[in-house]
Number of protein chains: 2
Amino acid sequence: MRARERVLARIEADFKASGLPPLGWYDVLWELVQAEGGRLRPFEIEARTLLAQYNLSRLIDRLVKEGLVRREAFDADGRGQWVVITQAGRVMRERMWQTYGPSIEAHVGARLTEAEARQLAALLAKLR
Amino acid sequence: MRARERVLARIEADFKASGLPPLGWYDVLWELVQAEGGRLRPFEIEARTLLAQYNLSRLIDRLVKEGLVRREAFDADGRGQWVVITQAGRVMRERMWQTYGPSIEAHVGARLTEAEARQLAALLAKLR
DNA sequence: AACAAGTAGATGCATTTGCATGTATGTGGG
DNA sequence: CCCACATACATGCAAATGCATCTACTTGTT
């Protein structure tokens, strides 16, 4: 818990220094980029990111307001919708990665050897 | 990050099932129990728990309101204060531990061997 | 067809957080 | 001694979160 607090605080400091939006936005944008067609259903994003449903609903609102994603109707089910990443969203994700990647490297990568990183990942995987 | 979300969600679920206050309260109460005289200055708690100053300030308010700690004047410095754990605070901490301990064991301990736990702790220590 | 139960997502309200700033007290240099 | 600066803690306000509940739509059962 403490380790993640420290690491997260450092990464978020880097984000703020670069004038980027909250770190949490990255996860959603990333999942969308990964997904085929650059779109996912909200409940799919929820499952991938572990965001609570009501938090995701409002996070999507914010992303829409910033023009990073848009909502589209999901025809096969009137309750559903698509969340589609926009071009601006893709650009933003890349811009965020330019800070995020080096930040992870600096605050995590640089403190571990390759073998240690693998070990750590394996151990943490047991907790999921 | 994902591992901690999962583990934390499980532990918090146990807390809620037992009708306990937020998990975060435990850290403060624990630091106070550890400290000699059962008291610490706010900035000391801050350093030990990594809580932000403004969050701690208000967390203490809540603990005071619940009667788990009390504020006392710090004579040597008019700006300062002591945060002192009350008897009710000690009782509450013990009650929380009765859930917290087994919860940690169930969601973390049971998933790792002794050697793995030590390894994990050592690796995470490198990130602090 | 009708309806109970389930699922997708939104939202009102209270609480908590983050940020900036405020107040009060202490300290060190000239 | 004074004043700029630092430290300890609090707080107003905006934004995010958690919780419960709501609406809309779908599905399975009879």
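For the numbers below, each heavy atom of this structure counts, side chains included, while hydrogens, waters and symmetry mates do not.
Here the side chains of A:M96 and A:P21 are in contact, with some heavy-atom distance below 4.5 Å. No side-chain heavy atom of A:R39 sits less than 4.5 Å from a side-chain heavy atom of A:V83. No side-chain heavy atom of B:Q81 sits less than 4.5 Å from a side-chain heavy atom of B:R41. By the 4.5 Å heavy-atom criterion applied to side chains, A:R2 and A:R4 are not counted as neighbours.
How far CH2 of A:W30 is from CZ of A:R93: 5.0 Å, rounded to the nearest 0.5 Å.
Within the hydrophobic cluster formed by Ile, Leu, Val, Met, Phe, Trp and Tyr side chains joined at under 4.5 Å, directly or through other members, B:W82 is accompanied by B:F74, B:V84.
Ring geometry for B:Y100 versus B:W97: interplanar angle over 60°, hence perpendicular rather than tilted (30 to 60°).
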For every nucleotide of nucleotides 1-8 of chain D, 5' to 3': is a protein heavy atom under 4.0 Å from its base (B), only from its sugar-phosphate (S), or from neither (-)? -----BBS
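A 6.0 Å sphere centred on CZ of A:R111 holds more than 12 heavy atoms belonging to other residues, nucleotides or ligands. For CZ of A:R48, the number of neighbouring non-hydrogen atoms (other residues, nucleotides, ligands) closer than 6.0 Å is greater than 12.
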Would you check, one step at a time, whether the test salt bridge (Lys or Arg N to Asp or Glu O under 4.0 Å) holds for A:E72 with A:R70? CA-CA 7 Å; A:E72 272 180 24; A:R70 64 173 181 278; 2.9 Å; yes
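Residues A:E5 and B:L50 share a closest heavy-atom pair of OE1-CB, 3.6 Å. Of all non-hydrogen atoms in B:L40 and B:L32, the two that sit nearest each other are N-CD2, 3.6 Å. Nearest heavy atom pair, residue B:G67 against residue B:A88, reads O-CB, 3.7 Å. Across every non-hydrogen atom of A:P42 and A:L56, the tightest pair is O-CD2, 3.1 Å.
Between B:E12 atom CD and D:dG18 atom C1' the separation is 10 Å, expressed in whole Å. In this structure, CH2 of B:W82 is placed 10 Å from P of D:dC9, rounded to the nearest angstrom. One atom, CG of B:L63, and another, P of D:dC9, lie 15 Å apart when rounded to the nearest Å. Rounded to a whole Å, the CH2 atom of A:W25 is 8 Å from the P atom of D:dA16.
Five base pairs at each end of the helix from C:dA1-D:dT30 to C:dG30-D:dC1 define two local axes, and these are offset by 20° (rounded to 10°).
Less than 4.0 Å separates DNA chain D from at least one heavy atom of each of the following residues of residues 46-58 of chain B: B:Q53, B:Y54, B:S57, B:R58. Contacts between residues 13-20 of chain A and DNA chain D, defined by a heavy-atom separation under 4.0 Å, are absent.
Taking 4.0 Å as the cutoff to heavy atoms of chain A, we find the contact window on DNA chain C bounded by C:dG6 to C:dC19.
With salt bridges taken as basic N to acidic carboxylate O contacts below 4.0 Å, none links A:E116 and A:R118.
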